[in-house]
Amino acid sequence: MKVRHATPDDAEALAKVHVAGWQTAYRGIIPDADLDALRWEDRVARWRERAAPGSGVTVLVAEADGEVIGFASSGPPRDEDLAPDRAWELYAIYLRPSTWRRGVGTALLQRTIEAVPAHVPALVLWVLDVNARARAFYERNGLAPDGTTVPSRIGPPHRDVRYRVQLGKPRSSDMRSTA
């Protein structure tokens, strides 16, 4: 497996991993009909834009045998209470469900942390309150809730919980291609 920066040519693979991840991770949380209606084709253009140089978003992909098996996207925080020089946000991390619990997510998270600008002292992310698998993954990797919650975009009764980790120095911005 290797981790590298995504390119616009990865957009279809990113969209497929994204939809497969949602359909598996949120089964039983989001109505099945809503999950079954997700189409990867509807997400390709957005991933092409995000993976383009100069988009302001860092998109990393994990590859095995030349195929994208996961991704992480990050960038400046979207929260009004966080300045871009105080935190970096992990927007999304998704894997092909067949690769869960094999170190792919940890490799992507570590590479995301390495890609955070050196002057930024923290990484934050949002996770659905009832997503026990994701919450356990983040906690195993040193992140913890910071006390901030908001109503979830998925809707009531769910809430999104903000996680945070303070980043130690020194960090490398060097993106080696092996995991």
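FYI, the numbering just counts along the sequence from 1.
Side-chain heavy atoms closer than 4.5 Å link hydrophobic residues (I, L, V, M, F, W, Y) into clusters, and following such links, possibly through other members, connects Y94 to I29. Note: the hydrophobic cluster containing V124 does not contain L109 (ILVMFWY, side chain heavy atoms under 4.5 Å, direct or indirect links). Y138 and L95 fall within a single hydrophobic cluster, where Ile, Leu, Val, Met, Phe, Trp and Tyr side chains are chained together by heavy-atom contacts under 4.5 Å.
In this structure the side chain of L38 reaches within 4.5 angstrom of the side chain of Q23, judged on heavy atoms. At least one side-chain heavy atom of R159 sits less than 4.5 Å from a side-chain heavy atom of P151. Side chains of L60 and R4 form no contact here, defined as non-hydrogen atoms less than 4.5 Å apart.
For residues 23-64, the ring pair (Phe, Tyr, Trp, His ring centres under 6.0 Å) pairs, not counting sequence neighbours, are H18-W47, W22-Y26, W47-F71.
The minimum heavy-atom distance between I113 and L123, with the atom names listed, is CG1-CD2, 3.8 Å. Across V116 and V120, no two heavy atoms sit closer than the pair CG1-CB, 3.7 Å. Considering every non-hydrogen atom in both G70 and L108, the closest pair reads C-CD1, 3.8 Å.
Residue R153 places its CZ atom among 12 or fewer non-hydrogen atoms of other residues, nucleotides or ligands, all under 6.0 Å distant. In this structure, R133 places its CZ atom where only 12 or fewer heavy-atom neighbours from other residues, nucleotides or ligands lie under 6.0 Å away. Surrounding CZ of R78 are more than 12 heavy atoms belonging to other residues, nucleotides or ligands, all under 6.0 Å away. Within a 6.0 Å sphere centred on CZ of R86, other residues, nucleotides and ligands contribute 12 heavy atoms or fewer.
Under the side-chain hydrogen bond (donor to acceptor under 3.5 Å, both in side chains) test applied with W126, the options T148, T149, D79 reduce to a single match, D79.
E67 and R96 are joined by a salt bridge, as a carboxylate oxygen and a charged side-chain nitrogen come within less than 4.0 angstrom of each other. With respect to the salt-bridge test (charged N to carboxylate O, under 4.0 angstrom), the residues D146 and R162 qualify.
Put simply, OG on S73 and CD1 on I93 are 9.0 Å apart, with the number rounded to the nearest 0.5 Å.
No side-chain donor-acceptor contact under 3.5 Å links Y91 and R50.
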